[in-house]
Number of protein chains: 2
Amino acid sequence: MVEAPRNTRQRRAVAELMEDLDGFRSAQQIHALLESRDQNVGLSTVYRTLQALADADEVDALRSDDGETLYRRCSRGHHHHLVCRDCGRTVEVEGPTVERWADRVAEENGFADISHTLEIFGTCASCRP
Amino acid sequence: MVEAPRNTRQRRAVAELMEDLDGFRSAQQIHALLESRDQNVGLSTVYRTLQALADADEVDALRSDDGETLYRRCSRGHHHHLVCRDCGRTVEVEGPTVERWADRVAEENGFADISHTLEIFGTCASCRP
DNA sequence: AGGAAGAGTGAGAACCGTTGTCAAATCGTG
DNA sequence: CACGATTTGACAACGGTTCTCACTCTTCCT
Ligand SMILES: [Zn+2]
Ligand SMILES: [Zn+2]
Ligand SMILES: [Zn+2]
Ligand SMILES: [Zn+2]
C-alpha cells in the first residue's frame, strides 16, 4: 500500500498549473511560470513534484533533443505525441498499427518484455511564416 | 565544399573501435575501452570524434533513458532500433508503414518539417533465464 | 484545541555528462 | 624539412538534475 501524498500549497500550485498548460514544459519553465503567478515554489520541490506526478501517471514526461525532461498533463492510457518544436503545442496521437508492428518485430527477433518510444516533431501551423 | 578531416591516430582508433562493437555505447564507455586497448585518447577528443562521425552519418546517436548519448556503427539510411536493455545488442529495423503513418498524422494536424524518433526496447533471447 | 511524529520544503552544494579553452603537438603540403 | 592550419587534451566551466539537512507544515491522536 502506497502512502498518499500530503496536500501542500506547493503540490496544489504545480498540479493546477499543469492543468492550465497545453504543451510540454521543462521543470525550470514551470518553476518560472509559478513565480509569475506569485506562487513561489522551490526548484527542488518543482522537480520532485513533477517526478511524483509522472510516477503516478498524472503527467507525461518526455526528453527534448537537448536533454531536458519536459512534462505535460495528458490523458491516461498509452499514446504518443506530435509536438511543435517552436511552441511546444502538442497533439496526442494513437497508432494501433504501430503498436502491433513494434511488438511483432520484437518477437520475430526473440525479444521479450517489449516497450517502445515514439514521438513526432514538427512546426505547427501558427508557428510558420 | 567541406574540408576532409585529418587522418590522426585518435580518429583512427575511435573509428576502428566502433567497427568492432555491435551495441550502443556511451562516449565514456568508448573512452574506457580505448584505454583498455592501450590506445589512449583524450575524453574531449572522443566526444568530438563521435559527434563528427554522427554528423557524417557514420554512426547513429541515440539518447538513453538516463540522459547519456549512445553511439553505434550502423548501416546508412533511415532506420530504427530494437535494443536489448541488458546487453545493448541491437537489431536495425525498418518500418515503411510507420514512416508513412507519422508523416500523415503530422500533416493532418497542420504540422510541417516533420521528424520522428522511434526505438523499441526489450530483453534479447540470450539475456533471458 | 494542543502536541507529537514525520513527511515536505528549499537554499545551497554536489553531481555528472558534456562543452569550451588554449597552449602545445601533429598533420599535410610544398 | 618548414610552415600554417588543424587537432589534441588537461582542465575549467556549464546546465540540468539530484542530494543534504535544518526547518516548516500537515496529519493524526488524545
Ligand atoms: Zn501524453
Ligand atoms: Zn505506442
Ligand atoms: Zn542505427
Ligand atoms: Zn522512421
Student: So, applying side chain to side chain contact (heavy atoms under 4.5 Å, CB included) with A:Val46, which one of A:Ile30, A:Leu17, A:Leu33 is it?
Tutor: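 When side chain to side chain contact (heavy atoms under 4.5 Å, CB included) is applied between A:Val46 and each of A:Ile30, A:Leu17, A:Leu33, only A:Ile30 qualifies.
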Student: Could you state the atom-to-atom distance from CD of A:Glu68 to P of D:dT17 in whole Å?
Tutor: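 Taking atom P of D:dT17 as the reference, CD of A:Glu68 is at 6 Å.
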Student: With nearest nucleotides of DNA chain C determined for B:Tyr71 and A:Pro5 from heavy-atom distances, which residue corresponds to the more 5′ nucleotide?
Tutor: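 Result of the comparison: A:Pro5.
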Student: Base, sugar-phosphate alone, or nothing: which one does A:Thr69 contact when heavy atoms must sit under 4.0 Å apart?
Tutor: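 Here A:Thr69 touches the backbone only, sparing every base.
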Student: So which of residues 30-42 of chain A are in contact with DNA chain C, with a heavy-atom cut-off of under 4.0 Å?
Tutor: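 Within this stretch, A:Val41, A:Gly42 sit under 4.0 Å of the strand.
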Student: List the residues meeting ring-ring contact (aromatic ring centres under 6.0 Å, His included) with A:Phe24, not counting sequence neighbours, and say none if there are none.
Tutor: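 ring-ring contact (aromatic ring centres under 6.0 Å, His included) check on A:Phe24 returns A:His81.
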Student: Of the nucleotides C:dT21, D:dT17, C:dT18, which one has an atom closest to the side chain of B:Arg48?
Tutor: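 Out of C:dT21, D:dT17, C:dT18, the nucleotide with an atom closest to B:Arg48's side chain is C:dT21.
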Student: Return the 5'-most residue of the pair A:Ser44, B:Gly67 with respect to DNA chain C, ranking by each residue's nearest nucleotide.
Tutor: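 Looking at the nearest nucleotide for each, A:Ser44 comes out on the 5' side.
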Student: Please work out which residues in residues 6-19 of chain A have a non-hydrogen atom less than 4.0 Å from an atom of DNA chain C and list them by number.
Tutor: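 Nucleic-acid contacts, sorted: A:Arg6, A:Thr8, A:Arg9, A:Gln10, A:Arg11.
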Student: Round to a whole Å and report the spacing from CZ of A:Arg25 to P of D:dG16.
Tutor: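 Atom-to-atom, A:Arg25 to D:dG16, this comes out as 16 Å.
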Student: Using the rule side-chain hydrogen bond (donor to acceptor under 3.5 Å, both in side chains), only one of A:His79, A:His80, A:Arg73, A:Arg76 pairs with A:Asp60; which is it?
Tutor: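 Checked A:His79, A:His80, A:Arg73, A:Arg76 against A:Asp60; only one passes side-chain hydrogen bond (donor to acceptor under 3.5 Å, both in side chains): A:His79.
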Student: For B:Gln51, report the nucleic acid contact type (base, sugar-phosphate, nothing); a contact means any heavy atom under 4.0 Å.
Tutor: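 It contacts sugar-phosphate atoms only.
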Student: Assess the residue pair A:Arg72 and A:Glu92 against the criterion (salt bridge (charged side-chain N to carboxylate O under 4.0 Å, His left out)); give the C-alpha distance rounded to whole Å, side-chain angles, the decisive distance to 0.1 Å, and a yes or no.
Tutor: CA-CA 11 Å; A:Arg72 177 181 187 261; A:Glu92 298 182 24; 3.0 Å; yes
Student: Regarding A:Arg85 and B:Ser115, do their side chains bring together a donor and an acceptor under 3.5 Å, going by distance alone?
Tutor: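 A:Arg85 vs B:Ser115: donor-acceptor pair found between side chains.
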Student: Considering only side-chain heavy atoms of A:Leu43, which listed nucleotide, C:dG10, D:dA10, D:dT17, is closest?
Tutor: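 Taking heavy atoms from C-beta onward, the closest nucleotide is D:dT17.
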Student: Grab the OH-P distance between B:Tyr47 and D:dC14 for me, whole Å please.
Tutor: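 After rounding, the reported distance stands at 18 Å.
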